[in-house]
Each structure stands twice: as C-alpha cells, then as structure tokens.
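Reviewing the structure listed below.
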Protein chains: 2
Amino acid sequence: MSPETSALPGTVRPRGRTERVRQAVTDATRTLLLEQGYRELSVERVAEVAGVAKSTVYRRWRDTAGLLLELMTELSTGEIPLVDTGSVEEDLLSLARGIAHVYTETNAGPMVLALIAESVQNERVADGLREFWHHRNDRAAESVRRAIERGDLPADTDPVEVIRMLGAPFYYRMLVTHEPLDDDLARRAAATALAAARAGDLRKR
Amino acid sequence: MSPETSALPGTVRPRGRTERVRQAVTDATRTLLLEQGYRELSVERVAEVAGVAKSTVYRRWRDTAGLLLELMTELSTGEIPLVDTGSVEEDLLSLARGIAHVYTETNAGPMVLALIAESVQNERVADGLREFWHHRNDRAAESVRRAIERGDLPADTDPVEVIRMLGAPFYYRMLVTHEPLDDDLARRAAATALAAARAGDLRKR
DNA sequence: CGACAAACGAAACTCCTATTGCATTAGTGA
DNA sequence: TCACTAATGCAATAGGAGTTTCGTTTGTCG
C-alpha cells in the first residue's frame with residue numbers, strides 16, 4: 001500500500017527557504033487585508049505581493065481561509081492586557097476598554113472581521129475561531145473568579161459567561177449595526193455584565 | 001444632454017413577465033441559500049435554478065449582495081411577535097425567546113448570517129442591514145418605554161439600548177462562538193438587559 | 001389592434017481563480 | 001562535500017464569474 005497521506009508541505013523542512021516563504025506570505029496577507037480589505041484578498045494577489053509562485057501558496061494554505069487562519073497566530077500573541085486591581089468593577093472596565101482599544105487602534109479589527117465573515121461559510125475557520133475565543137475568554141474570566149472568591153459575586157456565577165456577556169455588545173456593533181466602538185460602549189458593556197452577575201442572572205446552569 | 005441615469009430594469013414595467021422573473025429569482029435565491037448554504041450562492045446558479053438568463057439577473061440585481069438584499073424584504077414581513085403583558089420582565093423574556101425561535105426554527109437564521117457576512121465586505125448590504133435593525137429595535141423598544149412610563153425603570157433609560165443589549169448575546173453566539181441558541185441563553189439575555197437597565201447602566205448619554 | 005420600447009434570452013468574450021505536471025532549487029543528514 | 005528529496009518555480013490548462021452585444025419577446029399606451 002502507498003502512504004495514505006503524505007506530510008503537508010512546510011512540515012518536513014520547516015527552516016530556511018520554507019520559513020522565508022511563510023514569512024513573506026503572511027506579511028503579504030496582512031498587508032493586503034489591512035490596505036485593500038478582506039474583499040480584495042485573493043491567493044493570487046498574496047502570491048504576487050509575497051514574490052512567491054501561486055502554486056506554492058495553494059499547496060501550503062489551500063485558499064484564503066487558510067491564509068486567514070495563519071494570521072490568527074498573530075492575534076493570539078497580541079493579547080488584551082489583563083489587570084488585577086482588586087475590584088471586579090475596575091477589572092472588567094479595564095477589559096472592556098482593552099477590547100475597544102484593540103479593535104479600533106490595532107490591526108485586530110479588520111482581521112477579526114474577516115475571520116468571522118469567513119467562519120460563516122467555512123467550518124475550518126469557525127473551529128479555529130471557537131478555540132481561540134475559548135482560550136481568550138477563559139483567561140479573562142480570571143478576574144471574575146477572584147471576585148467570586150472574595151465574595152463580591154454569587155458563588156455559583158459562571159465566570160466565562162460574564163466575560164461573554166461583556167464581549168457580546170462589541171461584536172454586535174462591529175457586525176450587526178456597524179457602529180464605532182467608543183468608551184461609552186465599553187462602560188456600558190462592563191457595567192451590564194457586572195449588573196447581571198450581581199443580580200445572579202449568570203449562574204452556572 | 002442625455003439622461004443622467006436611466007431607470008433601473010424592473011421599475012418601469014413592474015408587472016407581467018418582469019414580476020414573474022422577480023419571483024423566480026428570489027425563490028431560487030432562497031432555495032439555494034437554505035439548501036446549499038451561502039457559500040454555494042452564485043449569480044449563475046441562481047439564474048439556472050430560476051430558469052432565467054444570467055444577464056437578466058446581473059442587470060437587475062448586479063451581484064449576490066443584491067440578491068440577498070431582496071430577501072431582506074421577506075425578513076421584514078416575518079417579524080418577531082411583540083407582546084404587552086404589563087411586565088417588562090415578561091415582555092423581554094418573550095422577545096428573547098422570539099429571537100431564539102426565529103433564528104433556529106425558521107429560514108431567518110441562514111439568511112441573516114449570510115447578510116451579516118456579506119455586510120463585512122459590502123457597504124450596500126451594511127447600510128440596508130443597519131436600517132433594518134434600527135426599525136426592528138425601535139419597535140421592540142416599545143415595551144421598555146411602557147416600563148419607563150410605569151416607573152418600573154429609571155426615567156432616562158435608553159429604550160433601544162436595552163433591546164440592543166438583549167439582542168447582542170444571540171449574535172455573539174451565532175457569529176463568534178457558533179453555539180446553539182437555546183432557552184437558557186434567552187433567559188440570560190433578557191435577565192441581563194433588564195438587570196443593567198434597573199441598575200441605571202443603560203441611560204441615555 | 002397596432003406601434004413603441006422595456007425587459008428578457010442567447011451567445012460570445014474577457015478576466016480571474018484554481019488545478020496540475022514537470023523542471024529546478026535548496027534544506028538535510030550521512 | 002555529496003546524494004537525496006522536500007519544497008518551490010514556471011507554465012499550461014480548465015473552469016467559473018462577470019460583461020457586452022444583439023436579436024426576440026412582451027408589457028403598455030394610444
């Protein structure tokens with residue numbers, strides 16, 4: 001029998017030229033996405049800007065969705081700073097402002113929008129995103145867990161659910177109403193999630 | 001001088017064959033969207049299924065975004081039922097359950113997802129959607145306005161903002177985490193928006 | 001009923017996307 | 001340093017999306 005599936009390109013010799021190509025392609029993807037927008041993103045353009053044969057890009061990333069997934073690594077590194085002020089109220093407000101900041105002042109906005117739009121059509125991207133959010137929200141939930149331990153919130157509060165409630169309004173604005181993310185929203189989102197948690201509406205089920 | 005812009009096809013003779021074509025095309029669009037998904041939606045396929053020349057579809061709808069916009073009319077008619085129970089709590093819970101229902105049990109789910117994904121890339125669709133949500137949320141805010149009049153909520157509460165806070169978690173799940181919309185979510189979303197309003201966190205700015 | 005033109009249908013054509021086969025380059029281990 | 005082959009580059013190809021032209025059908029009005 002012949003080997004069922006040969007190793008994916010870029011996995012056997014991950015250094016040297018292979019790595020240079022990877023860098024050039026991700027750089028080109030990011031550049032095009034930010035300058036031209038998601039709509040103009042195509043494998044051909046990326047290959048052209050990267051100075052790489054398009055067949056190479058097709059082989060290693062398959063399509064634009066694969067290119068976007070590669071960019072998620074960057075999003076993971078550029079995390080939103082998590083603080084520990086000793087007060088849930090301030091922790092959550094800081095988090096909300098961090099979210100507003102990262103989506104308005106950094107490259108994350110267009111990238112995340114493109115990824116979400118793609119995830120509607122593409123299961124691979126949807127899975128990748130789900131995992132990404134889960135990790136991120138779980139880390140952010142730490143401040144809620146501390147608050148519960150301090151007795152500032154009901155003992156059976158679901159920490160991650162609080163974070164999700166806090167985050168939801170941002171994505172609502174970005175995707176549904178296409179409104180700007182201002183500090184007003186950050187304060188409302190943080191206050192809303194906190195009010196719900198305090199009222200006992202975000203308990204574990 | 002020649003006429004700046006001639007009337008769009010389908011506007012001068014809106015009856016007879018023109019109307020039959022419109023019906024066939026919207027039917028085909030809906031069918032393809034629901035059966036094959038947004039990814040498989042193309043002008044060519046729609047024209048084929050509708051039994052219409054593709055040049056006709058391109059002329060009148062321009063692209064798939066135009067086809068999707070046509071479907072928004074259907075969404076407007078299939079409104080979420082608004083109740084008046086005399087209690088904000090019950091009104092909002094009923095609304096939240098209505099949202100969960102319409103997106104899980106009807107055709108609205110795939111349609112709205114496709115529209116939102118498209119709106120990321122397409123200004124026309126984004127504008128159409130924004131108007132659509134504004135109208136919908138404004139109508140739903142009626143129950144909040146009644147609650148304010150009764151003195152059940154702070155006088156300067158922003159009624160529409162309450163509705164938006166209530167709706168946000170649904171779109172968060174559909175678009176960001178791709179989780180199902182269950183009754184648990186409906187209860188949490190309604191309770192969260194209400195708790196925030198009562199706490200005075202959703203006042204007009 | 002008859003004339004006018006709106007709207008549609010059919011087909012050719014261009015452009016872009018995606019796939020494939022083969023030659024070439026360059027990591028990698030002996 | 002040399003042999004091996006992973007990975008890339010190049011070019012040809014196929015297929016779909018979008019545009020344009022022109023002839024035909026058919027609402028609409030007098």
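From a predicted model like this one, the values you see are computed outputs, not experimental measurements. Chain letters run A, B, ... following the sequence lines, proteins first and then strands; every chain starts at 1.
At whole-Å resolution of the value, CZ in B:R62 and C1' in D:dA17 are 14 Å apart. For B:Q23 and C:dC8, the CD to C1' distance is 17 Å, given to the nearest whole Å. The CZ-P distance, from A:R60 to D:dG9, rounds to 10 Å in whole Å. As rounded to whole Å, 8 Å separates atom P of C:dA26 from atom CZ of A:R20. The separation between A:E44 atom CD and D:dT13 atom C1' is 13 Å, rounded to whole Å. Here the P atom of nucleotide C:dT17 and the CG atom of A:L67 are 13 Å apart, to the nearest Å. Remark: C1' of C:dA7 and CH2 of B:W61 are 11 Å apart, rounded to the nearest angstrom. Between the CZ atom of A:R45 and the P atom of C:dC16 there is a distance of 11 Å, rounded to whole Å.
Dense packing is recorded around CZ of B:R145, with more than 12 heavy atoms of other residues, nucleotides or ligands lying under 6.0 Å away. Annotation: A:E179, atom CD; neighbour count of heavy atoms from other residues, nucleotides and ligands within 6.0 Å is above 12. Counting non-hydrogen atoms of other residues, nucleotides and ligands closer than 6.0 Å to CD of B:E142 gives a total above 12.
Axis angle between the ends of the helix from C:dC1-D:dG30 to C:dA30-D:dT1, five pairs each and rounded to 10 degrees, works out to 40°.
In this structure, the side chain of B:R130 engages the main chain of A:T177 through a donor-acceptor pair within 3.5 Å.
Note on residues 92-120 of chain B: pairs passing salt bridge (Lys or Arg N to Asp or Glu O under 4.0 Å), not counting sequence neighbours, are B:R97-B:D183.
The side-chain contact (heavy atoms from CB on, under 4.5 Å) test with A:M174 is passed by exactly one of A:L113, A:I116, A:T104: A:L113.
B:S42 has a side-chain polar atom (N or O) that falls below the 4.0 Å cut-off from OP1 or OP2 of D:dA17.
Here B:T85 pairs with B:D91 under the side-chain hydrogen bond (donor to acceptor under 3.5 Å, both in side chains) rule; sequence neighbours left out.
The shortest heavy-atom contact between B:A24 and B:A50 is O-CB, 3.5 Å.
When side chains are defined from C-beta on, B:L75 counts as touching B:L115, because their heavy atoms get closer than 4.5 Å. Put simply, the side chain of B:V57 reaches to within 4.5 Å of the side chain of B:L67, judged on heavy atoms.
Residues from residues 47-59 of chain A placing a heavy atom under 4.0 Å of any atom in DNA chain D, listed by number, are A:V52, A:A53, A:S55, A:T56, A:R59. Listed by residue number, the members of residues 32-40 of chain A with any heavy atom below 4.0 angstrom from DNA chain D form an empty set.
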Could I get a table of every N or O pair under 3.5 Å where one atom is in the protein and the other is in nucleotides 23-25 of chain D?
{"unit_1": "D:dT25", "atom_1": "O2", "unit_2": "B:R17", "atom_2": "NH2", "d": "3.0"}

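Using a 4.0 Å cut-off between charged nitrogen and carboxylate oxygen, B:D182 and B:R187 do not count as a salt-bridge pair. Checked for salt-bridge contact, B:R45 and B:E40 miss the test: no charged N lies under 4.0 Å from a carboxylate O. A salt bridge is absent between A:K204 and A:D156; no separation between the charged side-chain nitrogens and carboxylate oxygens falls under 4.0 Å.
Between B:Y172 and A:W133, the distance separating the two ring centers is not shorter than 6.0 angstrom.
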